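Notes to accompany the following structure.
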Amino acid sequence: MAQTAYPTVGVGALATEADVELRQVIKTFGPDTALQNLNLTVQRGEFFSILGPSGCGKTTTLRLIAGFETPTAGNVMIQGVAMSHTPPHRRPVNTVFQSYALFDHMTVKDNVAFGLRIKRMGAGQVRDRVADALRLVKMDAFANRYPAQLSGGQQQRVALARALVNRPAVMLLDEPLGALDLKLRKQMQLELANLHRQLGITFIMVTHDQEEALSLSDRIAVMNQGEIEQIGSPSDIYDRPRTPFVADFIGDTNLLPGQVKQQDARQVQVVTQSGLQVLAKPPQHTPPSQSVVVSVRPEKINLSTTAPTTDSNCYAGQVSHVMYLGTHMHCTVRLTSGDVLAVLQPNRATGTIAPEAPVYVHWQAEDCLAL
């Protein structure tokens, strides 16, 4: 049987060449602007995710790469070649959709072979390529079944095989796991990561699931209202967000607006609108008296029933709500200043905190960030 010929670039050893570039791309639909001056570069062999809320432009971006939409202005480049006016079937990409889009009247192997037969490939080569693709997604034993005889996860594997059989340079994934239940979704995330590592080709995924993007991606672009707010590694996006939107959208955070009172290279002192004095990691290029927003993650906040020894970033309050999450307890604390903070605490056998209990919250300056 013929072996699948894919690039050997893998995670952690990305090539320097760009597989996909969007240069000053604008996309309008009538009077509405979906994308505004979008610049994006995806390196060869990368698992790149585009993340954002509904209506932010992420699916439009993927459709521009796939060729289902044409940019109003700007250029879409794939492997250094301008593709803005190249039809989808002539681009070295394939798309996997959330809806699977399988043909119900065809068997699994016929679904996977469909694109190759359209290209009039020889029967022997089609047979070998289909067998390769089904083996990659562990569906070779189901080749003669119909989609209605498969589970959701199995149908998604067939959709992946149908895209992979064409041996694209770039795999486009449009909410590929959105139709699956939580347990199967987690399993498929792991299989998708393994498949990417095995093949080494470029994956570009659109999703609104922050955890999915953080766990699978080499880099993430966070979009908001047709623009990219930040591009970076998962740790950059989560631990070093550049804007309040990114901090709030990726995971949970507490945002405290205020004014810079003092600042040095190591930390900044912020006076919040409610009068709290907060020490935080400084933003870049922030002059004194500029408005900022302090972001502190719920898991970074310590909660105690007795006053801690520290006097920085330590505030008294009262627990207003406790939510049991199994491994953790999610507490809502109302400070004496009136601010309400979300606090995530490990679930321990002892030391549970009851609602209405007086408490202290405290955190280190390096665990919060002024944006």
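Note that the coordinates shown come from a computational prediction; the quantities given were computed from them, not determined experimentally.
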(Q) One pair to check against salt bridge (charged side-chain N to carboxylate O under 4.0 Å, His left out): Asp110 and Arg117. What are the steps and the verdict? (A) CA-CA 9 Å; Asp110 287 336; Arg117 288 172 177 158; 3.0 Å; yes
Q. By salt bridge (Lys or Arg N to Asp or Glu O under 4.0 Å), which residues pair with Lys186, not counting sequence neighbours?
A. Glu211
**Q.** Contacts of Arg219 that satisfy salt bridge (Lys or Arg N to Asp or Glu O under 4.0 Å) - sequence neighbours left out
**A.** Glu46
Can you run down the ring-ring contact (aromatic ring centres under 6.0 Å, His included) pairs that involve [range], sequence neighbours left out, and say none if there aren't any?
| range | value |
| --- | --- |
| residues 107-142 | Phe103-Phe114 |
| residues 199-244 | Phe47-Phe203, His196-Phe203 |
| residues 314-347 | Tyr315-Trp363 |

Within this structure, what is the [atom1]-[atom2] distance for the pair [X] and [Y], rounded to the nearest 0.5 Å?
| X | Y | atom1 | atom2 | answer |
| --- | --- | --- | --- | --- |
| Asp239 | Ser295 | CG | OG | 10.0 Å |
| Gln364 | Gln267 | CD | CD | 10.5 Å |
| His85 | Thr70 | NE2 | OG1 | 7.0 Å |
| Glu227 | Thr33 | CD | OG1 | 10.0 Å |
| Leu173 | Leu160 | CG | CG | 7.0 Å |
| Leu150 | Leu102 | CG | CG | 8.0 Å |

Is [Y] reachable from [X] through a run of hydrophobic residues whose side-chain heavy atoms are each under 4.5 Å from the next?
| X | Y | value |
| --- | --- | --- |
| Leu192 | Leu134 | yes |
| Leu256 | Ile250 | no |
| Val296 | Leu344 | no |
| Leu216 | Leu51 | no |
| Tyr360 | Val343 | no |

Q.
Applying side-chain hydrogen bond (donor to acceptor under 3.5 Å, both in side chains) to Glu17 and Gln43, what does each step give before you reach the verdict?
A. CA-CA 6 Å; Glu17 298 89 348; Gln43 302 297 335; over 6 Å; no
Give me the other members of the hydrophobic cluster that [X] sits in, counting Ile, Leu, Val, Met, Phe, Trp and Tyr linked by side-chain heavy atoms under 4.5 Å, directly or via other members.
| X | value |
| --- | --- |
| Val271 | none |
| Leu35 | Val20, Leu22, Val25, Leu38, Leu40, Val42, Phe48, Ile50, Leu62, Leu64, Ile65, Val76, Ile78, Val81, Met83, Val93, Val170, Leu172, Ile204, Val206, Met223, Ile228, Ile231 |
| Val293 | Leu255 |
| Leu371 | Leu369 |

Q. How far apart are the closest heavy atoms of Val96 and Met171, and which atoms are they?
A. CG2-SD, 3.8 Å
For a 4.5 angstrom cut-off between non-hydrogen side-chain atoms, does [X] reach [Y]?
| X | Y | answer |
| --- | --- | --- |
| Arg240 | Ser235 | yes |
| Glu366 | Arg266 | no |
| Gln230 | Thr243 | no |
| Glu212 | Gln189 | yes |
| Pro298 | Asn254 | yes |
| Val268 | Leu279 | no |
| Asn111 | Pro147 | yes |
| Val361 | Asn302 | no |

Q | Listed once per pair and sorted, the side chain to side chain donor-acceptor pair (under 3.5 Å) pairs that draw on residues 53-67, sequence neighbours left out | A | Arg63-Glu69
Q) Please, which pairs that meet side chain to side chain donor-acceptor pair (under 3.5 Å) have at least one residue in residues 140-150, sequence neighbours excluded? A) Lys109-Asn144
Salt-bridge contact [X]-[Y] (side-chain N to carboxylate O under 4.0 Å):
| X | Y | answer |
| --- | --- | --- |
| Lys138 | Glu191 | no |
| Arg23 | Glu21 | yes |
| Asp339 | Arg334 | no |
| Asp132 | Arg129 | no |

Under a 3.5 Å threshold, yes or no: a donor from one side chain and an acceptor from the other, between [X] and [Y]?
| X | Y | value |
| --- | --- | --- |
| Thr332 | Ser320 | no |
| Ser304 | Thr306 | no |
| Gln263 | Gln269 | no |
| Thr72 | Thr28 | yes |
| Gln290 | Gln259 | no |

**Q.** Which residues share a ring pair (Phe, Tyr, Trp, His ring centres under 6.0 Å) with Phe245, sequence neighbours left out
**A.** Phe249
(Q) Atom CG of residue position Asn39 - does it have more than 12 heavy atoms of other residues, nucleotides or ligands inside 6.0 Å? (A) yes
